[in-house]
K.L.:
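Sharing a structure, written as structure tokens. Questions coming.
All chains are named by letter (A, B, ...) in the order of the sequence lines, taking the proteins before the strands, and each is independently numbered beginning at 1.
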Amino acid sequence: MLAELSRQDQIANDLANSSTAGYKADRSAQAGFGDLLLENTRTGTPIGHVGEAVKIDALVTDLSQAPLKQTDEPFDVALQGDGFFEVQTPQGVRYTRNGQLELDANGGLVTTTGYAVLDDTGKSITLQPGTKPTIGADGRIEGGPRLAVVSLTNAAKQGDNLFTGTPGARPAGTEVKQGFLEGSGVDAARAMVDMITSMRAYEASQRVIHAIDETLGKGIAAGGGV
Amino acid sequence: MSQGIYSAAAGMAAFETRLDAVANDLANVNTDGYKRARLGFRDLVYAQQDAKVRAGSGSAAVDAGRDWTQGTIHTDDDPLSLAIQGPGFFKLRRADGSASLTRDGSFHLDANRHLVASTGEQLDPPLTLPAGTSPADVTIAGNGTVTVKGARLGAITLVDVPAPAGLQPIGDSQFAPSAASGAPVAATGATIQQHALEASNVDAADAMTSLIDTQRSYQLASRVISMQDQLMQIADDIRR
């Protein structure tokens, strides 16, 4: 039951982010706890295995490409293919696929959450205020530097559309698309199906608890009758 | 317990913000000089429950200012109807002396022959029409030079800010410059068109799609809450 509850939490978070640009859905993988080998206490003959319960073994983030949504905003950029944009946060460099950007008062290119976007030399980007530069498929900003796009291993979500992880080389074949945003990776239909399936599994576990309770109850009643 | 119910509630609050923004856009589909809202979402912090499981806590809306795309320019009979082609704003002086910016160029003359915005704010620098002239005698050139019956009266200066996303909307199609937007400077590449107004840049079809999309997301989040409620009911039923 606890494992299903945890899965429900994960689905709830996914559905709450069904409109978050660049959001990646999670998948809960379940695994059993170690099996116990039951044996006859008198003779030592093995009777069989018994599983103890299930637990959430891993929460895997599905990093696959989500459909791009056209916005025609000059500072909306999306990645078509693998990779992440680099942003500078007070905690260090973080990674994001949410390319909804804007200029701050000093002409600095920042995310809507206020973090500076980095170029491929790791520096923040300053543009002439009031300009609407074109951004090429390679990430090159017209008359400026090139947006950093890195591959990421051990990508883990941190909130604020940010990921932590170990950056690698620029992924080949990834295109920067100006005037687009990457949609959320949440498939609402799938999330609903998962949610209902998980609820039924939860319900079934509850029935098992009942059955065990009844069995024990009968045992106690029978014992008391002697 | 039950992080999910709070994640869903956070999501509903975020979708509600967007619903409000879209509703406001739709209400202003015919407001001259109106710019549609640009809204984003972000996911919230993740709490590590144990070594392998972390729980998210929903989403929140992020205000990304306005979509400053040029609206279509339509002609208007009034000689004091002005439209801006390109990035920039008319600068107005409000009653309390502070500056405000607008792209709504439906100006008129007040009782003292000052050129004022539709809600009564004077242009900055102010323009006063000499007695004995009518608005029909006014010619406004693309660069803002104002001439009345061939004599130069003054100029309308267009301004722009370094970061329009930081402008504070103050209603009446006006925006106040803030620390986040930077101080107004002379606009480059913007021209004034007389006998014209800039229409709202809200695309009704786009806004309707967004409205339906948001409503569905809202519905899904509310479904999560009733599901979480059922889960608690099931847990409660263990003891009967």
Side-chain angles (χ1 to χ4, degrees), chain A residues 1 4-6 8-21 23 26 28 55-59 71-76 98 100-108 111-113 129-130 132 156-162 181 184 188 191-192 195-196 199 202-203 205-206 209-210 213, chain B residues 1-8 10-12 14-15 18 38 40-46 49 52-59 62-65 67 69 87 160-166 179-182 185 187-189 213-214 216-217 220-221 223-224 227-228 230-231 234-235 237-238 240:
Chain A
M1 280 177 89
E4 293 304 335
L5 211 53
S6 169
Q8 288 280 349
D9 287 347
Q10 170 253 308
I11 298 168
N13 187 51
D14 276 359
L15 281 174
N17 283 292
S18 59
S19 289
T20 308
Y23 178 83
D26 286 320
S28 297
K55 59 178 177 178
I56 298 290
D57 187 44
L59 199 63
T71 62
D72 289 330
E73 278 282 327
F75 289 115
D76 278 349
N98 182 329
Q100 196 173 29
L101 312 177
E102 60 190 33
L103 289 186
D104 68 11
N106 304 317
T111 63
T112 50
T113 42
K132 285 177 183 172
K157 289 199 262 186
Q158 197 204 296
D160 265 1
N161 304 326
L162 302 177
L181 279 179
S184 167
M192 286 306 285
M195 195 161 84
I196 293 164
M199 196 267 278
Y202 185 82
E203 207 172 17
S205 309
Q206 188 245 38
I209 293 177
H210 262 295
D213 181 41
Chain B
M1 81 152 258
S2 206
Q3 176 61 54
I5 204 163
Y6 296 106
S7 304
M12 285 178 81
F15 297 135
R18 189 184 190 195
R38 186 181 176 220
F41 292 101
R42 63 189 175 92
D43 52 353
L44 298 175
V45 287
Y46 288 81
Q49 289 184 329
K52 283 176 177 162
V53 181
R54 59 194 151 65
S57 38
S59 64
V62 193
D63 179 15
D67 173 358
T69 317
D160 201 2
V161 290
S181 72
V185 292
T188 50
D213 183 43
T214 312
R216 288 292 170 220
S217 302
L220 283 170
R223 195 63 59 79
V224 171
M227 183 64 77
Q228 293 275 340
Q230 269 188 58
L231 293 179
I234 291 169
D237 281 347
I238 291 178
R240 279 199 287 227

K.L.:
Report the option among B:Met12, B:Arg216, B:Arg38, B:Arg223 that has the most heavy-atom pairs separated by less than 4.5 Å from atoms of chain A.
P.N.:
B:Arg38
K.L.:
Can you tell which part of B:Ala180 gets under 4.5 Å to a heavy atom of chain A, answering side chain, backbone, both or neither?
P.N.:
backbone
K.L.:
If you count heavy-atom pairs under 4.5 Å between each of B:Ser217, B:Ala163, B:Ala235, B:Gly182 and chain A, which one has the most?
P.N.:
B:Ala163
K.L.:
Over all heavy atoms of both residues, which pair between B:Arg18 and A:Ser19 is shortest? Give the atoms and the distance, please.
P.N.:
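Closest pair (atom of B:Arg18, atom of A:Ser19, distance): NH1-OG, 3.6 Å.
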K.L.:
Going through the distances and angles, do B:Val62 and A:Gln100 end up as a side chain to side chain contact (heavy atoms under 4.5 Å, CB included)?
P.N.:
CA-CA 10 Å; B:Val62 193; A:Gln100 196 173 29; 5.8 Å; no
K.L.:
Are any of the side-chain heavy atoms of B:Arg54 and A:Asp26 separated by less than 4.5 Å?
P.N.:
yes
K.L.:
Non-hydrogen atoms of chain B under 4.5 Å away: do they reach the side chain of A:Gln158, the backbone, both or neither?
P.N.:
backbone
K.L.:
Would you call A:Leu5 and B:Leu231 a side-chain contact if the rule is heavy atoms closer than 4.5 Å?
P.N.:
yes
K.L.:
Which one, B:Asp67, B:Asp43, B:Val224, leads in non-hydrogen pairs under 4.5 Å with chain A?
P.N.:
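Heavy-atom pair counts peak at B:Asp43.
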K.L.:
Contact part of A:Asp14 toward chain B, heavy-atom cut-off under 4.5 Å: side chain, backbone, both or neither?
P.N.:
neither
K.L.:
May I ask you to name which of A:Ala191, A:Ser6, A:Ala12, A:Ala21 has the most heavy-atom pairs under 4.5 Å with chain B?
P.N.:
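Sorted descending by pairs with chain B, the first entry is A:Ala12.
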K.L.:
Out of A:Ile196, A:Leu181, A:Thr20, A:Ile11, return the one with the most heavy atom pairs under 4.5 angstrom to chain B.
P.N.:
A:Thr20
K.L.:
How long is the gap from OG on B:Ser7 to CD on A:Gln10, to the nearest 0.5 Å?
P.N.:
10.5 Å
K.L.:
What part of B:Ala187 lies closer than 4.5 angstrom to a heavy atom of chain A: side chain, backbone, both or neither?
P.N.:
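When you check distances to chain A, no heavy atom of B:Ala187 falls under 4.5 Å.
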K.L.:
Do any N or O atoms from the side chain of A:Asn161 and from the backbone of B:Phe41 form a donor-acceptor pair under 3.5 angstrom?
P.N.:
yes
K.L.:
Non-hydrogen atoms of chain A under 4.5 Å away: do they reach the side chain of B:Ser181, the backbone, both or neither?
P.N.:
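The answer is the backbone of B:Ser181.
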K.L.:
Measure the CZ-CG distance between B:Arg42 and A:Leu162 for me, rounded to the nearest 0.5 Å.
P.N.:
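Rounded to the nearest 0.5 Å, the CZ-CG separation comes to 10.0 Å.
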K.L.:
Please round to the nearest 0.5 Å and tell me the distance separating atom CD1 of B:Ile238 and atom OG of A:Ser205.
P.N.:
9.0 Å
K.L.:
Which bit of A:Leu101 comes within less than 4.5 Å of chain B, counting heavy atoms only: side chain, backbone, both or neither?
P.N.:
backbone
K.L.:
Which of the residues B:Gly40, B:Ala8, B:Ala55 is involved in the greatest number of heavy-atom pairs with chain A at under 4.5 angstrom?
P.N.:
B:Gly40
K.L.:
Side chain of A:Gln206, backbone of B:Ile234: donor and acceptor closer than 3.5 Å?
P.N.:
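Yes: the side chain of A:Gln206 pairs with the backbone of B:Ile234.
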K.L.:
Side chain, backbone, both or neither: which part of A:Thr71 has a heavy atom under 4.5 Å from chain B?
P.N.:
backbone
K.L.:
So which part of A:Met1 gets closer than 4.5 Å to some heavy atom of chain B, the side chain, the backbone, both or neither?
P.N.:
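The side chain, not the backbone.
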K.L.:
Looking at B:Ala165, B:Gly11, B:Gly56, which makes the most heavy-atom pairs under 4.5 Å with chain A?
P.N.:
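Most heavy-atom pairs under 4.5 Å with chain A: B:Gly56.
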K.L.:
In terms of heavy-atom pairs under 4.5 Å with chain A, which of B:Gly65, B:Ala64, B:Pro164, B:Ala221 leads?
P.N.:
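Going by pairs under 4.5 Å, I would pick B:Ala64.
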K.L.:
Counting heavy-atom pairs closer than 4.5 Å to chain B, which one of A:Ile209, A:Thr113, A:Asn98, A:Thr111 comes out on top?
P.N.:
A:Thr113
K.L.:
Out of curiosity, A:Glu102 CD to B:Asp63 CG, how far, rounded to the nearest 0.5 Å?
P.N.:
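Nearest 0.5 Å value for the CD-CG distance: 8.0 Å.
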K.L.:
Does any heavy atom of chain A fall under 4.5 Å from the side chain of B:Ser57, the backbone, both, or neither of them?
P.N.:
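Contact with chain A is through the backbone of B:Ser57 alone.
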K.L.:
At a 4.5 Å cut-off on heavy atoms, which part of A:Leu15 comes close to chain B: side chain, backbone, both, or neither?
P.N.:
both
K.L.:
Do you know the tightest heavy-atom contact between A:Asn17 and B:Ser59?
P.N.:
OD1-CB, 3.0 Å
K.L.:
Quick one: does A:Asp160's side chain have a donor or acceptor within less than 3.5 Å of a partner on B:Leu44's backbone?
P.N.:
no
K.L.:
What pair of heavy atoms forms the shortest contact from A:Ser18 to B:Phe15, and how long is it?
P.N.:
OG-CZ, 3.6 Å
